[in-house]
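These notes concern the structure reproduced below.
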Amino acid sequence: MTSPQPHDAKPATEGVRERGRSAAHKGQQTRATILDAALSLASQMGIEGLSLGALAEVTGMSKSGVFAHFGSREELQISVIREYHERFEEEVFRPAIREARGMPRLRALFDRWVDKVATEIDSGCIYISGAVEFDDRPGPVRDALAGMVLMWHGALGRAIQQAVALHQLRSDTDAMQMLFEIHGLILSLHHDARFLRTPGSMDRARTGFERVIQYYTLDSARPSPGEVAPNATASGVLQTS
């Protein structure tokens, strides 16, 4: 005869499940630690500089241990891109999307984007550095990177279109052109702040954004390149309905 189990004893199957959950949680923590180290390495060496061996050295793990979490160098690179995008969304997109549709949201998206660049002056932006690395290199890594950038462009484009629909921007606004100009400001900011270390780059980017907004909100004659319309903000065209 088998001895009866104590009343507080857990069935064997429940114990197995708990051990399984504990192992899965530990695995997720280890993967998160590896990704954090990989992001740090990618900011210094680029996505192409990532390797299972380099990560094993940084994290103090075996190369096979790192491999077990990703399976290949390519999957590691793609996972880093996804992790960067998730953090970008958390810091830039999600807070901004809480603002009212139209100009308040578009402004918040740009302001938080500038703030993000400010924190990356010493580390670099994966979107920008990755574009330089993979602009002429087709494959899954490039596709993942381009997909994340296009997803972000889509959010900005929708904010512009909503501002047009709310009559905060002119009805003839070319959303793609405006998006191109806004993105150009960020690229210039990254170049001047990170590469040239030019003082006042953040302020120049914000001034440039105001000029873009004024260009697309003026109902009368548009300002010539480099000219700021003095009464654009006072006219109230940036207010939400």
Side-chain angles (χ1 to χ4, degrees), residues 39 42-43 46-47 77-121 123-166 168-195 201-202 204-217 238 240:
L39 268 175
S43 69
I47 298 173
Q77 292 172 324
I78 292 173
S79 296
V80 166
I81 292 169
R82 289 172 178 162
E83 179 67 17
Y84 179 82
H85 182 75
E86 175 62 28
R87 297 187 185 191
F88 187 92
E89 280 195 332
E90 188 67 31
E91 296 173 26
V92 180
F93 174 73
R94 291 172 188 164
I97 206 69
R98 300 188 191 106
E99 300 294 332
R101 290 186 175 191
M103 286 307 306
R105 185 173 297 177
L106 181 60
R107 282 186 178 280
L109 288 168
F110 182 80
D111 286 341
R112 289 187 173 275
W113 200 2
V114 170
D115 291 342
K116 178 68 172 174
V117 173
T119 66
E120 295 178 331
I121 289 178
S123 62
C125 171
I126 296 294
Y127 288 158
I128 295 175
S129 62
V132 175
E133 291 183 85
F134 292 92
D135 58 349
D136 59 352
R137 299 181 59 184
V141 178
R142 184 189 187 281
D143 291 346
L145 181 63
M148 299 302 174
V149 174
L150 289 173
M151 193 180 301
W152 170 238
H153 280 192
L156 287 167
R158 285 190 296 275
I160 294 171
Q161 292 167 349
Q162 288 165 358
V164 173
L166 291 168
Q168 296 164 353
L169 295 174
R170 288 200 323 271
S171 59
D172 64 344
T173 295
D174 183 338
M176 289 300 295
Q177 179 63 34
M178 188 176 184
L179 172 58
F180 182 89
E181 294 167 14
I182 291 173
H183 193 191
L185 289 171
I186 294 295
L187 294 177
S188 294
L189 169 60
H190 188 271
H191 179 276
D192 283 18
R194 178 167 163 77
F195 178 57
S201 298
M202 303 294 170
R204 292 186 183 279
R206 296 185 193 282
T207 297
F209 180 75
E210 293 305 320
R211 291 183 175 182
V212 171
I213 296 303
Q214 289 178 13
Y215 183 84
Y216 288 102
T217 54
L238 303 186
T240 58

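A quick note: this is a predicted structure, and the numbers were derived from the prediction, not measured. For the numbers below, each heavy atom of this structure counts, side chains included, while hydrogens, waters and symmetry mates do not.
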Run the side chain to side chain contact (heavy atoms under 4.5 Å, CB included) check on His85 and Ile126 step by step: do they pass? CA-CA 9 Å; His85 182 75; Ile126 296 294; over 6 Å; no
Which atoms form the tightest heavy-atom contact between Val117 and Met202, and what is the distance? C-CE, 4.4 Å
State the OG-CZ distance between Ser129 and Phe134, to the nearest 0.5 angstrom. 9.5 Å
Glu83 and Arg87 ion-paired at < 4.0 Å: yes
Pair Glu120-Tyr127, side-chain hydrogen bond (donor to acceptor under 3.5 Å, both in side chains): steps then yes or no: CA-CA 11 Å; Glu120 295 178 331; Tyr127 288 158; over 6 Å; no
Between atom CG of Leu189 and atom CZ of Arg194, what is the distance when rounded to the nearest 0.5 Å? 12.0 Å
Looking at every heavy atom in both Ala193 and Ile121, which two are closest together, and how far apart are they? O-CG2, 3.8 Å
Say you draw a straight line from OH of Tyr216 to OG1 of Thr173; how long is it, rounded to the nearest 0.5 Å? 7.0 Å
Smallest separation among heavy atoms of Ala42 and Val80, with atom names: CB-CG1, 4.2 Å
Student check: side-chain heavy atoms of Phe93 and Trp152 closer than 4.5 Å: yes
Could you walk me through whether Gln177 and Glu181 pass side-chain hydrogen bond (donor to acceptor under 3.5 Å, both in side chains), step by step? CA-CA 6 Å; Gln177 179 63 34; Glu181 294 167 14; 2.9 Å; yes
Side chain Ser188, main chain Leu185, donor-acceptor under 3.5 Å: no
Just checking His190 against Trp113, ring centres under 6.0 Å apart? no
Heavy-atom pair of closest approach, residues Ile47 and Glu133: N-OE2, 2.8 Å
Test your reading of the model: is there a side-chain donor-acceptor pair from Glu99 to the backbone of Ala108, 3.5 Å cut-off? no
Distance from Asp174 atom CG to Leu179 atom CG, nearest 0.5 Å? 10.0 Å
Answer whether the closest heavy-atom distance between the side chains of Arg82 and Met148 falls below 4.5 Å. yes
dist Arg107:CZ -> Ile213:CD1 (nearest 0.5 Å) comes out at 5.5 Å
To check you understand the geometry: which heavy-atom pair defines the closest contact between Leu145 and Gly130, and what is its length? CD2-C, 3.2 Å
With a 3.5 Å distance limit and no angle check, can you tell me whether Arg105 reaches the backbone of Ala163 through a side-chain donor-acceptor pair? no
Nearest heavy-atom neighbours spanning Leu106 and Met178: CD2-CE, 4.0 Å
How many angstroms lie between atom CZ of Phe110 and atom NE2 of His183, to the nearest 0.5 angstrom? 11.0 Å
Heavy atoms from other residues, nucleotides or ligands near CE of Met176 exceed 12 (cutoff 6.0 Å): no
